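Read through the structure below, which is laid out as C-alpha cells, and then see the notes.
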Number of protein chains: 2
Amino acid sequence: MNQDSISVNDKNPKTARGAKTKAKLLEAASLEFGARGYHECMIADITKRANVAMGTFYVYFESKEVVFRELVQYMGQTTRAYISKKLEGVSDRLEAEKKGLHAFIEFARANKDLYRIVMESQFVAEDAYRDYYTSFQKAYAENLRNASSKGEIRNGDDEVRAWGLIGLSVFLGMRYCIWDDSKKVEDVADAAFDLIKNGLKMG
Amino acid sequence: MNQDSISVNDKNPKTARGAKTKAKLLEAASLEFGARGYHECMIADITKRANVAMGTFYVYFESKEVVFRELVQYMGQTTRAYISKKLEGVSDRLEAEKKGLHAFIEFARANKDLYRIVMESQFVAEDAYRDYYTSFQKAYAENLRNASSKGEIRNGDDEVRAWGLIGLSVFLGMRYCIWDDSKKVEDVADAAFDLIKNGLKMG
DNA sequence: ACAGAAATTGAATCTTGATTCATGTTTCAA
DNA sequence: TTGAAACATGAATCAAGATTCAATTTCTGT
C-alpha cells in the first residue's frame with residue numbers, strides 16, 4: 001500500500017496519440033523479433049520500423065525484455081481466444097480435438113512471428129514461457145478428464161496426455177508453419193488427428 | 001584444393017595433454033550453457049570452471065558459437081547411439097515405440113544440460129537444430145513406413161506422424177525431465193505409450 | 001640435453017548495442 | 001490563451017563481454 005502500488009504504471013499511454021505510438025512499437029517489435037530473434041534484433045531496428053526515435057521506445061517500455069514479454073502474453077490471449085471461438089458449441093471431445101488441431105495450425109500460419117516469439121521465450125523469459133504452456137495444459141487436461149469421465153475417450157493420465165498432445169501440436173506448428181508451409185493445413189491436421197484418435201495400433 | 005583444404009584444422013589438439021584440456025572445456029561448456037543458457041553464459045565462466053585461462057579457450061575453439069554447435073552435434077550422436085542400442089533386436093514397431101520412448105526420457109534425465117542446449121540451438125544455431133531433428137525424423141518416418149507396409153501399424157502420413165511423435169517426446173522431456181523430474185520415468189512413458197498406441201478413442 | 005612444436009596465460013583491446021537525458025513539440029483543460 | 005502534462009527526439013553514455021596477442025612454460029623426438 002505504498003506510493004508505488006497506488007500510482008498507475010507511468011509507462012501506459014495517457015492519450016490516443018500515445019496509444020497509437022505504443023501500438024506501432026508493439027507491431028514493429030513483433031515483426032523484428034519474429035524475423036531475426038530476440039538477440040539479433042536491436043531496439044534501433046524496432047524504432048526505425050515504427051518510425052519513431054529510440055527514446056520513444058523507453059517512454060512505453062521499461063526495457064527490451066519487457067516488450068518481448070508483452071508479446072508473449074498477447075499471443076497467449078489471442079491463441080486461446082481464437083481456438084475457443086472455433087470450438088464454440090462443440091461438445092464431443094474427439095470433434096473438439098480435430099477442430100482444435102486445425103485451428104491451431106491455421107492460427108500458427110497466420111501468426112508466424114508471434115509463434116516464434118513464444119518458442120524463443122523459453123530462453124528469454126522462461127517464466128512467461130512456462131505460464132503460456134502451463135495455462136494451455138491445465139485447460140487441456142481438464143477437458144480430457146471430463147471427456148474420459150463421460151466415456152467419450154479412453155482413460156489415461158490426463159496430465160501426461162495433455163503435455164504430449166501439446167508437444168505434438170507445437171512441433172507440427174514449427175515444422176509445417178514456420179519451416180515450411182507448403183503442405184495443406186488439412187493434410188497436416190487430418191494426419192495428426194488420425195494419430196491422436198486411433199493411435200498407431202492396427203484397426 | 002587450396003592450402004586451406006589440405007591443411008588440418010589447427011584447432012585440434014595434437015597431444016594427449018591438449019585433448020584433455022579440450023575435453024575439460026567441452027564438459028565445462030556443457031554445464032555452463034546448460035545451467036544458464038547461451039547468452040547468459042560467458043567464456044570466462046567456462047574457462048574458470050575448466051581451470052584454464054581465457055586464452056586457452058580460443059586455442060581449441062574458433063568462437064563461442066562453435067563450442068555450442070559441437071555440443072549439439074555431440075548430443076545428436078549420443079542420443080542416437082543410446083536409443084538404437086536400447087532397441088537392438090526389437091523388431092516389432094509398437095514394442096520399439098514403447099522402449100524408445102522410455103529410453104528417450106531416461107536419456108533426457110541423465111543429460112539435462114545437453115537437452116537444454118539442443119532446445120536452445122533453435123535460436124543460436126538454427127541449422128544445427130534443424131539437422132538434429134530432421135535426422136531423427138527421417139529415421140523415424142522410415143521406421144513407420146516399414147512397419148505400416150508390414151501391417152504392424154496403421155497406415156498414415158509417416159512424415160507428419162514422425163514429426164508429431166517427436167514433438168510429443170520432446171515436450172514430455174522438457175516437462176518431466178527439465179522442469180520437474182519427480183514423476184517416475186515408467187509412469188510418463190507408459191501413459192504416453194498408451195496414447196501413441198491406442199489414441200484417444202474408446203476401446 | 002636441446003630445439004622446435006604445442007600449450008598456456010590473462011591483461012588489454014574493441015565492438016556492440018541497450019539505456020539515458022536534456023531539450024523541443026503537442027495536446028488540452030481551465 | 002496558457003501552462004502543465006504527455007509525447008517525441010537522437011546524440012552521448014556506459015557496461016558488458018568476446019576475442020586477441022605477445023610472452024612464458026611444458027612436451028617430445030632425436
Side-chain angles (χ1 to χ4, degrees), chain A residues 3 6-33 35-71 117 120 123-125, chain B residues 7-33 35-71 117 120 123-125:
Chain A
Q3 199 59 26
I6 59 172
S7 75
V8 248
N9 173 3
D10 66 350
K11 293 288 181 182
N12 274 147
K14 306 281 191 309
T15 70
R17 182 191 176 205
K20 197 170 161 191
T21 302
K22 179 172 180 178
K24 275 199 298 180
L25 281 166
L26 276 169
E27 170 71 6
S30 163
L31 293 171
E32 291 292 332
F33 283 143
R36 314 186 15 220
Y38 183 79
H39 295 281
E40 294 292 298
C41 160
M42 43 221 236
I43 304 297
D45 296 331
I46 296 173
T47 54
K48 193 173 175 191
R49 187 187 282 260
N51 284 313
V52 298
M54 294 207 43
T56 304
F57 179 90
Y58 290 91
V59 171
Y60 300 105
F61 307 100
E62 300 271 14
S63 68
K64 186 179 177 183
E65 191 179 316
V66 161
V67 224
F68 192 83
R69 284 175 180 277
E70 213 156 298
L71 291 170
I117 287 169
E120 190 169 15
F123 304 100
V124 171
Chain B
S7 75
V8 249
N9 173 4
D10 68 350
K11 293 288 182 184
N12 275 147
K14 304 283 191 308
T15 69
R17 183 189 174 202
K20 198 170 160 190
T21 301
K22 180 172 179 178
K24 275 199 299 181
L25 282 165
L26 276 169
E27 169 71 7
S30 163
L31 294 170
E32 291 293 330
F33 283 143
R36 312 179 24 213
Y38 183 79
H39 294 281
E40 295 291 299
C41 160
M42 45 222 235
I43 303 297
D45 296 331
I46 296 173
T47 53
K48 193 173 174 191
R49 186 187 283 260
N51 284 312
V52 298
M54 296 205 40
T56 303
F57 178 90
Y58 290 91
V59 171
Y60 300 106
F61 307 100
E62 301 270 16
S63 68
K64 186 179 178 182
E65 192 180 313
V66 162
V67 223
F68 192 82
R69 283 174 181 278
E70 213 156 297
L71 290 169
I117 287 168
E120 189 169 17
F123 305 100
V124 171

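Throughout, protein chains are lettered first and strands after them, A, B, ... in sequence-line order, and every chain is numbered starting at 1. The figures here come from the full heavy-atom set of this structure, side chains too, leaving out hydrogens, waters and symmetry mates. Computed from a predicted structure; not experimentally measured.
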Taking atom CD of B:E65 as the centre, report whether more than 12 heavy atoms of other residues, nucleotides or ligands fall under 6.0 Å from it.
yes
Is the A:Y38-B:F123 ring centre distance short of 6.0 angstrom?
no
One should read off an interatomic distance between B:H39 NE2 and B:M42 CE, to the nearest 0.5 angstrom, of 14.5 Å
To the nearest angstrom, how far is A:H39 atom NE2 from D:dA18 atom C1'?
15 Å
Among C:dA6, D:dT9, C:dT9, find the nucleotide with the atom closest to the side chain of B:K14.
C:dA6
Under 4.0 Å between any heavy atoms, over every strand shown, what does A:M54 touch: base, sugar-phosphate, or nothing? Just pick one.
base
Comparing B:A44 with B:A16, nearest DNA chain D nucleotide closer to 5' gives the residue B:A44
Of the options D:dC27, C:dT9, D:dA18, whose atoms approach the side-chain atoms of B:R17 most closely?
D:dC27
Which nucleotide in C:dA18, D:dT19, C:dT9 has an atom nearest any side-chain atom of A:I43
C:dA18
For C:dA18, take OP1 and OP2 only and decide whether either is under 4.0 Å from a side-chain N or O of A:S63.
no
Here the distance between atom P of C:dG10 and atom CD1 of B:I46, to the nearest Å, is 17 Å
Which part of the nucleic acid does B:Y60 contact within heavy-atom distance under 4.0 Å: base, sugar-phosphate only, or nothing?
sugar-phosphate
What is the distance, rounded to the nearest whole Å, between atom NZ of A:K20 and atom P of D:dA6?
20 Å
Report the distance from atom NZ of A:K48 to atom P of C:dG17, rounded to the nearest whole Å.
14 Å
For B:Y38 and D:dG17, give me the distance from atom OH to atom C1', rounded to whole Å.
12 Å
Has A:T15 got a side-chain N or O lying under 4.0 Å from the OP1 or OP2 atom of D:dA5?
no
Kindly compute the distance separating CZ (B:F61) from CD (B:E70), expressed to the nearest 0.5 Å.
5.0 Å
Minimum-distance nucleotide (side-chain atoms of A:T56 versus D:dA18, D:dT9, C:dT9)
D:dT9
Using only side-chain N and O atoms of A:Y58, determine if any of them is under 4.0 Å from OP1 or OP2 of C:dT20.
no
If I take atom CG in residue B:N51 and atom C1' in nucleotide C:dA7, what distance separates them, rounded to the nearest angstrom?
16 Å
Can you check the B:F57 CZ to D:dG17 C1' distance for me, whole Å?
13 Å
Positive for side-chain contact (heavy atoms from CB on, under 4.5 Å) with A:L25, one of A:N51, A:T47, A:I43
A:T47
How do B:K22 and A:K64 order along DNA chain C: which one's closest nucleotide is nearer the 5' end?
B:K22
Measure from CE on A:M42 to P on D:dA16 and round the result to the nearest Å.
20 Å
What does A:V52 touch in the nucleic acid at a heavy-atom separation under 4.0 angstrom: a base, only the sugar-phosphate, or nothing?
sugar-phosphate
